[in-house]
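Written out below as structure tokens is the structure these notes cover.
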Protein chains: 2
Amino acid sequence: MRKTATLADIAASVGVTPMTVSRVVNESGYVHADTRQKVLRVMQEMNYRRNGLARGLKRQRTETIGLVVGDVANPFAAEVIRGVREVLTARGYTMFVCVSDQSVKEEAEAFESLADHRVDGMIVATRASRKGNAHLMTLLDANLPVVALGRDFNHPHTDFVSADHFKGGCDATEHLIELGHRRIGFIGIKQSYGAGLKRFQGYLETLRKHGIKVNEDIIVGRRKGTDQAPGYSTEEIGYEGMKYLLGLRKPPSAVFARNDFTALGAISAIKQIGRRVPQDVAIVGFDDVPLASHTSPPLTTVFQPTHEQGRIAAEFLLRRIEAVQNLPRAERVLPCKLIIRESTVSGTEST
Amino acid sequence: MRKTATLADIAASVGVTPMTVSRVVNESGYVHADTRQKVLRVMQEMNYRRNGLARGLKRQRTETIGLVVGDVANPFAAEVIRGVREVLTARGYTMFVCVSDQSVKEEAEAFESLADHRVDGMIVATRASRKGNAHLMTLLDANLPVVALGRDFNHPHTDFVSADHFKGGCDATEHLIELGHRRIGFIGIKQSYGAGLKRFQGYLETLRKHGIKVNEDIIVGRRKGTDQAPGYSTEEIGYEGMKYLLGLRKPPSAVFARNDFTALGAISAIKQIGRRVPQDVAIVGFDDVPLASHTSPPLTTVFQPTHEQGRIAAEFLLRRIEAVQNLPRAERVLPCKLIIRESTVSGTEST
DNA sequence: CTGTTAGCGCTTTCAT
DNA sequence: ATGAAAGCGCTAACAG
């Protein structure tokens with residue numbers, strides 16, 4: 001079973017050589033109009049499908065690229081995928097997405113699979129890790145073009161695209177301080193794990209800058225550290241985290257949440273015990289997911305240009321793939337933007 | 001540039017034939033321990049990566065499968081992906097995800113790419129369409145194993161997995177009727193487009209069953225029909241749709257939203273004008289996204305076993321791939337479950 | 001335990 | 001405008 005017609009089959013049936021059929025398939029070189037017609041007809045009849053394996057093997061490129069993401073359930077990943085895809089399909093490339101489920105092991109397997117199947121390049125948008133980076137390094141030895149998106153990876157022959165999460169974190173915190181808050185909590189990561197989380201570092205840095213002592217008691221991550229590398233922070237974490245903060249003797253008057261979902265969970269927790277946002281607790285999120293402007297109260301958050309990051313990553317990658325020489329590293333850090341809504345500044349309406 | 005070591009390179013360097021190196025790489029056949037060590041060392045040194053194209057070409061299978069989804073921004077897709085992946089990786093297969101962005105054209109390109117690159121099978125979880133189905137048919141002629149997930153596709157050599165959306169839609173509507181509602185709106189699709197949307201058909205059917213006349217005025221889709229095949233319905237559509245319904249002379253007393261995001265948007269709209277859920281308008285969603293239990297009020301919705309659908313689809317596919325004969329069609333429709341929360345029945349708390 | 005042969009399906013290069 | 005030859009990198013099948 002599973003017998004697919006090959007160029008040779010078509011050729012035999014038409015009475016030409018495989019080379020002629022190849023010319024028809026690829027629309028390259030001269031083929032007599034009559035021959036072409038005959039070939040096309042037989043191709044149709046035999047339901048010909050070209051063999052990308054053989055083709056790629058011979059041509060030494062597949063016109064495919066791999067995109068590795070840690071997770072797919074959040075708007076960030078979805079928008080990155082769309083951005084990358086737009087650019088790639090326009091240029092005739094096919095994108096294969098691999099999902100690592102935030103596991104370093106699965107991430108490594110994705111790298112290997114993609115490399116084995118000879119994608120022409122790879123965009124890596126997983127969370128950075130020591131082991132993951134080491135793996136990437138070995139692939140680079142094989143001269144595979146790679147672009148890192150929204151994650152650290154330093155290599156002279158790798159491009160880098162990200163939003164300025166650090167600055168975004170600063171702006172969000174600055175905003176709360178300007179509103180008079182001094183006791184500002186953070187939900188989404190424990191301090192000991194936060195070294196790689198730029199937006200959290202921005203929070204810490206801004207507090208310090210204003211002479212506000214960092215208070216570990218009001219920095220909360222997920223309850224139990226079940227997995228080593230915390231993935232995307234959820235509304236559940238926001239809800240639980242806020243519950244905890246509200247139970248303290250002196251709860252914070254404002255909270256910066258790691259992302260919008262976490263922020264929404266926090267708002268739920270606040271409203272559930274009959275407190276008000278922002279009067280009792282002000283909340284800032286991060287990402288500006290579509291939902292953020294439709295919640296009550298609408299969420300103050302930091303917008304990051306996700307789609308654009310995807311597009312630029314794809315462009316960087318194609319440039320690198322199509323380059324004759326090994327290109328020097330390109331870096332691009334896009335600005336974030338604080339969007340002030342009613343979860344920090346009470347406006348016309350508030351629940 | 002981009003010169004990767006081949007089996008032949010390793011073999012030459014060690015002083016054996018490529019076949020011996022192949023045996024080491026694949027851990028097949030006998031190789032002397034010393035030889036193996038030497039080969040392994042050189043492989044490491046030369047950073048060997050096997051060529052999946054050559055391998056697949058020779059072996060006539062790639063141990064990869066393709067998963068085509070329309071969209072990736074919603075929890076449904078994310079969970080399907082996780083379910084499929086779990087089963088596949090456990091069995092040594094690699095999964096490549098292609099995203100069609102709800103476009104029939106992109107979907108067709110995904111099919112072709114995957115078929116060209118000789119995936120061993122395909123799981124199709126896009127929205128069904130006439131053209132899309134026709135395309136799938138041609139692939140089946142090439143004997144490519146295919147499983148349809150959550151979308152119609154009738155073919156004797158294709159498996160089918162879905163949740164019982166129709167029954168779910170009935171249950172949701174029944175619930176509202178039991179609560180005394182007679183004027184029940186629907187947000188998420190216009191009646192003229194709803195033929196393929198089972199949960200909507202369940203709504204219509206249940207109204208009829210109870211002798212409630214279907215009222216087109218309170219069935220709303222997206223404002224302007226920009227795209228022919230409406231994709232995933234968003235909170236924005238819910239918000240706008242509800243705004244419209246609230247502006248009617250006689251607004252519905254209950255609304256069944258196409259999915260949870262739409263439902264949440266609707267709730268926002270209701271609260272924004274100072275009305276209450278469920279006292280003024282009761283809302284039911286569909287899907288039971290994680291957020292649903294954390295909203296205020298918590299959302300009554302219909303749970304569908306998404307993860308399980310992914311797992312079963314993957315199992316069906318592997319069975320088909322590894323079968324010697326062409327298997328008959330397998331079908332599996334999983335039950336949904338109505339989850340009653342406070343957006344239909346006022347409990348202890350309500351905003 | 002290792003090697004030889006052949007060929008998977010395609011395209012590059014050179015001929016005609 | 002078409003064909004012949006060779007080989008991309010790998011492995012199945014059969015020696016030895």
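Labels below follow one simple rule: chain letters A, B, ... track the order of the sequence lines, proteins then strands, and each chain is numbered from 1.
- An angle of 30°, rounded to 10°, separates the two end axes of the helix from C/dC1-D/dG16 to C/dT16-D/dA1, each defined over five pairs.
- Scored by the ring pair (Phe, Tyr, Trp, His ring centres under 6.0 Å) test, A/F111 finds no partners at all (sequence neighbours excluded).
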Side-chain donor/acceptor pairs under 3.5 Å, residues 40-53 of chain A, sequence neighbours excluded:
unit_1: A/R41; atom_1: NH1; unit_2: A/E45; atom_2: OE2; d: 3.2
unit_1: A/N47; atom_1: ND2; unit_2: B/T138; atom_2: O; d: 2.9
unit_1: A/R49; atom_1: NH1; unit_2: B/D116; atom_2: OD1; d: 2.6
unit_1: A/R49; atom_1: NH2; unit_2: B/E112; atom_2: OE2; d: 3.1
unit_1: A/N51; atom_1: OD1; unit_2: A/L53; atom_2: N; d: 2.8
unit_1: A/N51; atom_1: OD1; unit_2: A/A54; atom_2: N; d: 3.2

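- Residues of residues 18-29 of chain A that place a heavy atom closer than 4.0 Å to DNA chain D, in numerical order, are A/M19, A/T20, A/R23.
- Remark: A/H155 engages A/M137, A/L140, A/F153, A/H157, A/T158 in a side-chain contact (heavy atoms from CB on, under 4.5 Å) (not counting sequence neighbours).
- B/E109 meets the salt bridge (charged side-chain N to carboxylate O under 4.0 Å, His left out) test with B/K105; sequence neighbours excluded.
- Every residue was checked against the salt bridge (charged side-chain N to carboxylate O under 4.0 Å, His left out) condition with B/E315, not counting sequence neighbours, and none meets it.
- For A/R82, the salt bridge (charged side-chain N to carboxylate O under 4.0 Å, His left out) partners are A/E79, B/D101, not counting sequence neighbours.
- If you measure from atom CG of B/D34 to atom C1' of C/dT2, you get 14 Å, rounded to the nearest angstrom.
- Every residue was checked against the salt bridge (charged side-chain N to carboxylate O under 4.0 Å, His left out) condition with B/R118, not counting sequence neighbours, and none meets it.
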Can you give each donor-acceptor pair under 3.5 Å made by side-chain atoms of residues 11-30 of chain B, sequence neighbours left out, with the distance rounded to 0.1 Å?
unit_1: B/S22; atom_1: OG; unit_2: B/N26; atom_2: ND2; d: 3.3
unit_1: B/N26; atom_1: OD1; unit_2: B/R55; atom_2: NH2; d: 2.5
unit_1: B/N26; atom_1: ND2; unit_2: B/S22; atom_2: O; d: 2.9

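- Looking at heavy atoms from C-beta onward, A/M122 lies in side-chain contact with A/L144 at the 4.5 angstrom threshold.
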Which pairs, protein N/O on one side and nucleotides 7-9 of chain C N/O on the other, fall under 3.5 Å?
unit_1: C/dG7; atom_1: N2; unit_2: B/K58; atom_2: NZ; d: 3.3
unit_1: C/dG9; atom_1: OP1; unit_2: B/Q60; atom_2: NE2; d: 3.4
unit_1: C/dG9; atom_1: N2; unit_2: A/A54; atom_2: O; d: 3.4

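- Close to D/dA4, at under 4.0 Å from its OP1 or OP2, lies no side-chain N or O of A/T17.
- Distance check: A/R85 CZ to B/S103 OG gives 7.0 Å after rounding to the nearest 0.5 Å.
- The distance between atom NE2 of A/H32 and atom P of D/dT2, rounded to the nearest whole Å, is 7 Å.
- Residue pairs that meet the salt bridge (charged side-chain N to carboxylate O under 4.0 Å, His left out) test with at least one member in residues 87-96 of chain B, sequence neighbours left out, are B/R91-B/E322.
- Between B/E63 atom CD and D/dT11 atom P the separation is 11 Å, expressed in whole Å.
- The NZ-P distance, from B/K38 to C/dC1, rounds to 15 Å in whole Å.
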